[in-house]
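Read the structure below first, then the notes.
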Amino acid sequence: MKRFNLVILATGGTIAGRAVSAGDNIGYTAAQVDIDHLLAALPGGTGGWPVITEQLAQVDSKDMSFAVWAKLADRVNHFLARGDVQGIVITHGTDTLEETAYFLQAVCRPAKPVVLTCAMRPATAWAPDGPQNIRDALAVACHEGAHGVVAVCAGTVHSAFDVQKVHTYRLDAFSSGDAGPIGYVEEGQVRLLRNWPVAQEGKAQAAIENIANWPRVEIIMSYAGASAAIVRALVAQGVQGLVAAATGNGTLHHALEAGLIEAQAAGVKVVRCTRCANGRVLPRAGDIFADSEGLTPVKARIALMLELSTCDIPRKTLVLP
Ligand code: SIN
């Protein structure tokens, strides 16, 4: 089989982190080591695959910005369009990986694999997890039939729609919730458990170009003793969309709900989702607010920003097997 190029776009994260001592897995600085040094330290190299690397950013992903997203989407689209590129791997911090994954799926809708990977331990650790994750991500990026944005961590392949960071420390820090992972990577081989997400057509070029002007959308959580105060303050500041992270199956503290109804009457689009880690809000007749259709609060926020930017958004329900 002819081997086309794989591209690695590096953005920082713990996978590129450096600690003073090899025994320190938590007291490190993220986003220090460049991608070429990470690859040079990869036992067995890239497994014979020709790889093009670009150090696109060097950020701790808690500080991920729309500017980096715009640059990333541009480079992803650039490389996807090249006939000699088989797939793309993106190294990323774990903290906002699921947001970048959903964003890239929403705007780039790749017909080739775009694989985000990461690490929970810095590159300088005694036993770093980054090298194995990079090897696994490369295996997915060159897997025949792979397409769309996925995340690979601890040998598990998650779709951009389902992936969520669920652990603060363990190497296997991600889950696909009820949907379950797409598959596993075992000794360089991908074992599929379900189909790749349904391919989506086109790309949202206008949304990428206009990212600096995206509408302001904030997330509000419902909790014991919640009030309408934050909602009212945000409406006064001109917020255009609100994502309500509700309790359980979409319930909201009555005081917060009153504020959200007021906001909606004032023209602010309100989308409701659950703050539960698993499950989705089951809509009922007469629901007052739009439903996130299973998206988590952080992904529902991106979907709402795109919707308010008049971009059609990919829905999770489209990709269920
Ligand atoms: C980050 O998200 O950039 C830091 C944390 C991590 O990668 O685990």
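All values derive from a computational prediction rather than experimental measurement. Atoms within a ligand are numbered from 1 in the order they appear, just like the ligands themselves.
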Task: Every residue of the protein that comes under 4.0 Å of ligand 1, judged on heavy atoms - done: Gly13, Thr14, Asp60, Ser61, Gly93, Thr94, Asp95, Ala119

Validation: residues 111-119 side-chain donor-acceptor distances under 3.5 Å, sequence neighbours left out:
from	atom 1	to	atom 2	distance (Å)
Lys112	NZ	Leu80	O	2.9
Lys112	NZ	Arg82	O	2.8
Lys112	NZ	Val85	O	2.9
Thr117	OG1	Asn133	O	3.4
Thr117	OG1	Val152	O	2.8

Task: Geometric class of the Trp69/Phe103 ring pair [parallel <30°, tilted 30-60°, perpendicular >60°] - done: parallel

Open item on the list: Could you list the cluster mates of Trp126? Members are the ILVMFWY residues connected by side-chain heavy atoms closer than 4.5 Å, either directly or through other members.
Closed with: none

Open item on the list: Checking one residue: Leu256. Which other hydrophobic residues are in its cluster under the side-chain 4.5 Å linking rule?
Closed with: Ile220, Met221, Tyr223, Ile230, Val231, Leu234, Val235, Val239, Leu242, Leu252, Leu260, Ile261, Val268, Val270, Ile288, Phe289

Open item on the list: Which residue in the set Asp291, Asp287, Thr251 passes side chain to side chain donor-acceptor pair (under 3.5 Å) when paired with Arg272?
Closed with: Asp287

- [ ] Hey, could you give me the CD1/CG distance between Ile15 and Asp129, rounded to the nearest 0.5 Å?
- [x] 7.5 Å

